[in-house]
Amino acid sequence: MTRPHTLVVRLDSLGDVLLAGPAVRMAAAGSRRVTVLAGPLGEAAARLLPGVDEVLTFDAPWVGRDPAPVDRGRTAALVGELARRRFDRALVLTSYHQSPLPVALLLKLAGVPWVAADSEDYPGSLLQLRHRRARGRHEAQAAADLAAAAGFAPPPGDPGGLAIEPPPDTSPLTGTDPYIVVHPGATAPARAWSERRAARAVAALAGAGHRVVVTGGESEKELTAAVAGRHALDLGGRTGLHELAGVLAGARAVVVGNTGPSHLAAAVGTPVVCLFAPVVPAGRWAPFGVPHVLLGDQHAPCARTRAVSCPVDGHPCLDAIDDAEVLAALDRLPPPPPHRAAAARAASGRVSEASRAGRGPRAAAGTARTTLEAGA
């Protein structure tokens with residue numbers, strides 16, 4: 001029986017796409033080719049997932065805090081691109097609070113014959129597999145559950161955790177002495193320390209004898225400079241996503257909010273001290289598959305509000321974490337194995353090879369990229 005050409009849809013941000021990784025590898029193990037349809041915030045992460053042959057990018061008007069306007073031309077371009085690829089199957093991955101039905105409708109207009117998704121809403125003829133997510137399930141496990149229900153199984157030897165393609169050696173950036181990463185930023189300010197609190201933590205970590213590396217994107221350079229101060233190495237704006245993964249892979253641990261780099265650290269096997277604001281449930285979004293410690297008041301007034309900015313003066317759920325708690329959390333994490341960065345790259349390589357086993361030269365040729373613009 002010919003293996004299917006499978007489309008996996010995950011239209012959200014970087015962390016969401018990384019959490020879809022185990023399900024993507026399951027699809028890859030049972031498919032001749034896997035295409036991922038991602039949003040612009042998740043595209044770079046999708047291109048790092050083992051088992052992915054092609055990434056399509058679409059800025060969906062029903063996703064995100066600042067959604068794109070509805071555009072007939074872009075939507076028609078998406079339907080046309082999907083139709084040209086003649087997919088046999090599609091898995092639509094969403095968070096527990098989202099509906100898969102808008103994209104399922106577009107998939108049907110593109111002629112995709114078989115579509116699977118978690119859906120609480122009646123899907124009519126849009127879904128051939130209407131799956132029910134287990135209550136409180138972690139997002140990574142829920143995605144894998146859907147893939148299993150669709151008939152896909154993990155590749156032999158796959159440990160089932162998050163993974164990316166092997167990260168590069170970033171020791172020329174970080175140096176070779178042991179270090180801890182502090183990543184102070186987040187796309188939702190409610191999910192991170194304030195700048196002043198993060199700077200105080202870096203000073204405390206340095207005072208306790210830790211070498212600290214502060215990371216952040218190009219738009220966060222002012223933040224990382226202020227947080228690093230004279231106590232830490234500032235790498236703000238100096239790494240792309242894959243290079244950031246290399247920096248995280250070399251760290252003893254990462255101190256970070258509930259944001260994409262938390263899941264990137266998990267994907268390279270680095271323990272995490274996660275500053276977890278309770279605006280979303282920790283059981284669904286905590287670092288997956290790695291040793292971690294959650295800090296933060298999980299019963300704060302903002303709990304389960306999905307607030308972007310903290311609705312409580314002083315941001316007490318995270319800014320009230322004291323330095324002693326952070327230091328104690330690091331002490332609770334297991335000691336790193338020797339040559340941890342090299343071990344992380346080797347482990348990523350094994351997962352990547354397992355995801356490609358038996359799929360032929362097309363899958364090994366690299367990941368193509370297509371961005372769908374209006375009128376394309």
Side-chain angles (χ1 to χ4, degrees), residues 1-11 16-40 42-58 60 77-94 100 103-104 106-117 127-129 131 143-144 146-158 160 162-166 242 267 348-372 376:
M1 180 178 178
T2 302
R3 292 184 174 189
H5 182 187
T6 301
L7 175 69
V8 180
V9 181
R10 185 72 217 211
L11 291 169
D16 302 299
V17 172
L18 292 172
L19 290 171
V24 169
R25 299 195 306 271
M26 292 171 69
S31 302
R32 71 178 185 276
R33 185 172 176 83
V34 168
T35 297
V36 170
L37 177 61
E43 173 197 357
R47 286 188 276 119
L48 294 183
L49 294 181
V52 176
D53 300 292
E54 180 187 30
V55 176
L56 303 178
T57 306
F58 180 67
L78 172 66
V79 172
E81 289 286 348
L82 296 175
R84 278 190 285 277
R85 282 160 175 79
R86 298 180 178 272
F87 294 108
D88 302 299
R89 297 187 137 211
L91 302 180
V92 181
L93 306 181
T94 57
V103 75
L106 299 185
L107 296 180
K108 284 300 173 185
L109 291 174
V112 180
W114 195 92
V115 181
L127 298 180
Q128 282 57 62
L129 173 61
H131 187 252
L146 176 62
F152 295 115
D158 191 310
L162 306 191
I164 60 167
E165 295 291 343
H242 211 193
S348 295
R350 288 192 294 272
V351 172
S352 182
E353 287 302 314
S355 73
R356 292 190 174 112
R359 298 181 64 213
R362 204 183 225 183
T367 302
R369 170 184 177 184
T370 303
T371 303
L372 304 178

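Only a predicted model underlies this, so the values are computations on that prediction, with no experimental measurement involved.
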Exercise for the section: Taking side chain to side chain contact (heavy atoms under 4.5 Å, CB included) as the test, write out the residues that go with Pro113, two or more places apart. Expected result: none
Problem - Exercise: identify the closest heavy-atom pair between Ala153 and Ala29 - result: O-CB, 3.7 Å
Problem - Nearest heavy-atom neighbours spanning Met26 and Phe152 - result: CE-O, 3.2 Å
Handout entry: 4.5 Å side-chain heavy-atom contact, Ile164 and His242
Key = yes
Practice task
Give, for atom OG of Ser31 and atom CG of Asp53, the distance between the pair rounded to the nearest 0.5 Å.
Solution key: 9.0 Å
Practice task
Decide yes or no for Leu107 and Val92: does some side-chain heavy atom of the first lie under 4.5 Å from some side-chain heavy atom of the second?
Solution key: yes
Handout entry: Pairwise side-chain contact, Leu11 with Leu37, heavy-atom cut-off 4.5 Å (strictly under)
Key = yes
Problem - Close side-chain approach of Phe58 and Val103, heavy atoms under 4.5 Å - result: no
Handout entry: Arg86 side-chain N/O to Gly111 backbone N/O, donor-acceptor pair under 3.5 Å
Key = no
Exercise for the section: Apply the test side chain to side chain contact (heavy atoms under 4.5 Å, CB included) to residues Leu19 and Leu162: give CA-CA distance (whole Å), side-chain angles for both, the deciding distance (0.1 Å), then the verdict. Expected result: CA-CA 6 Å; Leu19 290 171; Leu162 306 191; 3.9 Å; yes
Practice task
For residues Glu54 and Arg33, determine if any side-chain heavy atom of one lies less than 4.5 Å from a side-chain heavy atom of the other.
Solution key: yes
Practice task
Taking all non-hydrogen atoms of both residues into account, name the closest pair between Ala163 and Pro50 and its distance.
Solution key: O-CD, 3.5 Å
Exercise for the section: Check side chain to side chain contact (heavy atoms under 4.5 Å, CB included) between Ala143 and all other residues, then give those that pass, not counting sequence neighbours. Expected result: Ala23, Leu93
Practice task
Specify the closest pair of heavy atoms between Ala110 and Val79, including all atoms of both residues, with the distance to one decimal.
Solution key: CB-O, 3.6 Å
Handout entry: Shortest non-hydrogen contact from Thr6 toward Phe87
Key = C-CD2, 4.1 Å
Exercise for the section: Could you walk me through whether Val34 and Leu49 pass the side chain to side chain contact (heavy atoms under 4.5 Å, CB included) test, one step at a time? Expected result: CA-CA 11 Å; Val34 168; Leu49 294 181; over 6 Å; no
Practice task
For residues Asp158 and Arg25, report the shortest heavy-atom separation together with the two atoms involved.
Solution key: OD2-NE, 2.6 Å
Fill in the blank from the handout: By side-chain hydrogen bond (donor to acceptor under 3.5 Å, both in side chains), His5 pairs with (sequence neighbours left out) Thr35
Problem - Arg85 side chain reached by Leu56 side chain, heavy atoms, under 4.5 Å - result: yes
Exercise for the section: Determine yes or no for a side-chain-to-main-chain donor-acceptor pair under 3.5 angstrom, with Arg32 supplying the side chain and Arg3 the backbone. Expected result: yes
